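See below for the structure under consideration.
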Amino acid sequence: MLEFSLPGGGLWGISLTGFLYALRDRKLLPEVISGVSSGNHAGYLAFSDGDYNKAMAWFRTSGEFLKSKPIRRFLPPYDMNGDHISSFTLPFMVENSVLKRNGLKHFYVGYIQTKNMRFVAEDVLVYDTYEVFRTILKSSSIPFVTNFVPHFGGGIDGGFAKNNFASPADSQERWMITYGLSQRSPLDRKVWSRRVVLPKPVGSPLLLNERHLVENFHRGYEFGATLAGI
């Protein structure tokens with residue numbers, strides 16, 4: 001089985017989404033995903049038949065939400081259970097059957113439990129469609145940035161613990177995909193088959209304007225198209 005380990009990176013995830021779209025369009029499909037934060041959103045968009053407009057809409061919506069929070073996050077009503085975030089992201093939810101139809105057998109979502117600060121990776125494809133989406137949202141939940149309280153059952157963005165992890169699935173080939181932030185660390189050949197370093201995205205991972213979103217998507221897509229053609 002082929003596994004993609006998908007890193008977090010905030011709004012830079014639009015670049016990773018473009019990269020995955022290019023591989024998907026060329027039928028280079030993983031059977032396993034292990035991801036944190038926006039890496040999970042990129043994988044979810046790519047392997048749920050998302051198109052360019054859907055990817056742009058998702059990251060545009062995410063950016064607008066982040067920009068709206070600096071004052072409001074300190075004011076009630078608090079989004080204790082992540083209900084507000086869920087409500088405006090629900091249009092992006094798809095049936096699990098679509099992910100499976102695109103070849104996914106396992107989708108491991110990593111996050112940190114606030115109770116004991118333990119990193120947890122759950123294979124969400126065993127859940128129903130709504131719980132899959134909620135767990136992916138949990139993996140990119142940053143309390144006191146997205147809101148003043150821990151929400152989604154006390155989960156914190158998994159990227160604070162690790163940006164790449166290998167799943168417990170029996171994957172014969174594992175790709176560590178990065179934004180170049182961990183290039184200096186040695187590649188453990190016992191774990192990873194290869195490291196794929198995406199072109200460094202332009203702009204801030206928390207504040208991207210429309211031009212940067214478009215540019216990063218296309219840079220990721222072009223890189224993926226080149227890689228898939230080798």
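These numbers were taken from a predicted model, which means no experiment stands behind them.
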What residues form a side-chain hydrogen bond (donor to acceptor under 3.5 Å, both in side chains) with [X], not counting sequence neighbours?
X	value
Trp175	Glu173
Ser15	none
Glu222	none
Asp25	Tyr221

Quick one: closest heavy-atom pair of [X] and [Y], and the distance?
X	Y	answer
Tyr130	Met93	CA-SD, 3.7 Å
Val132	Val124	CG2-O, 2.9 Å
Trp192	Met176	NE1-CE, 3.3 Å
Leu207	Lys67	CD2-CG, 3.4 Å
His84	Ser87	O-OG, 2.6 Å

Does a donor on one side chain and an acceptor on the other come within less than 3.5 Å for Ser86 and Arg134?
yes
Within 45 degrees of the axis of the six-membered ring of Phe119 and under 6.0 Å from its centre: does Lys162 put its NZ or CZ there?
yes
Partner set under ring-ring contact (aromatic ring centres under 6.0 Å, His included) for [X], not counting sequence neighbours:
X	result
Phe223	Phe19
His106	Tyr108
Phe107	none
Tyr52	Phe217, His218

Residue pairs involving residues 33-49 (criterion salt bridge (charged side-chain N to carboxylate O under 4.0 Å, His left out); sequence neighbours excluded):
Asp49-Arg101
Side-chain donor/acceptor pairs under 3.5 Å, residues 29-40, sequence neighbours excluded:
from	atom 1	to	atom 2	distance (Å)
Glu31	OE1	Leu2	N	3.3
Glu31	OE2	Lys105	NZ	3.1
Ser34	OG	Glu3	OE2	2.9
Ser34	OG	Phe165	O	2.8
Ser37	OG	Asp157	OD1	3.4
Ser37	OG	Asp157	OD2	2.7
Ser38	OG	Gly9	N	3.1
Ser38	OG	Gly10	N	3.3
Ser38	OG	Gly10	O	3.1
Asn40	ND2	Gly35	O	3.0
Asn40	ND2	Ser139	OG	2.9

Parallel, tilted or perpendicular: which describes the rings of Trp58 and Phe133, with under 30° parallel and over 60° perpendicular?
perpendicular
Residues which pass salt bridge (Lys or Arg N to Asp or Glu O under 4.0 Å) with Glu64, listed by chain and number, not counting sequence neighbours
none
Going by the rule salt bridge (Lys or Arg N to Asp or Glu O under 4.0 Å), which residues pair with Arg211 if we only count those two or more places apart in sequence or in a different chain?
Glu215
Taking it one step at a time, do Asn81 and His151 satisfy side-chain contact (heavy atoms from CB on, under 4.5 Å)?
CA-CA 5 Å; Asn81 297 310; His151 41 207; 5.9 Å; no
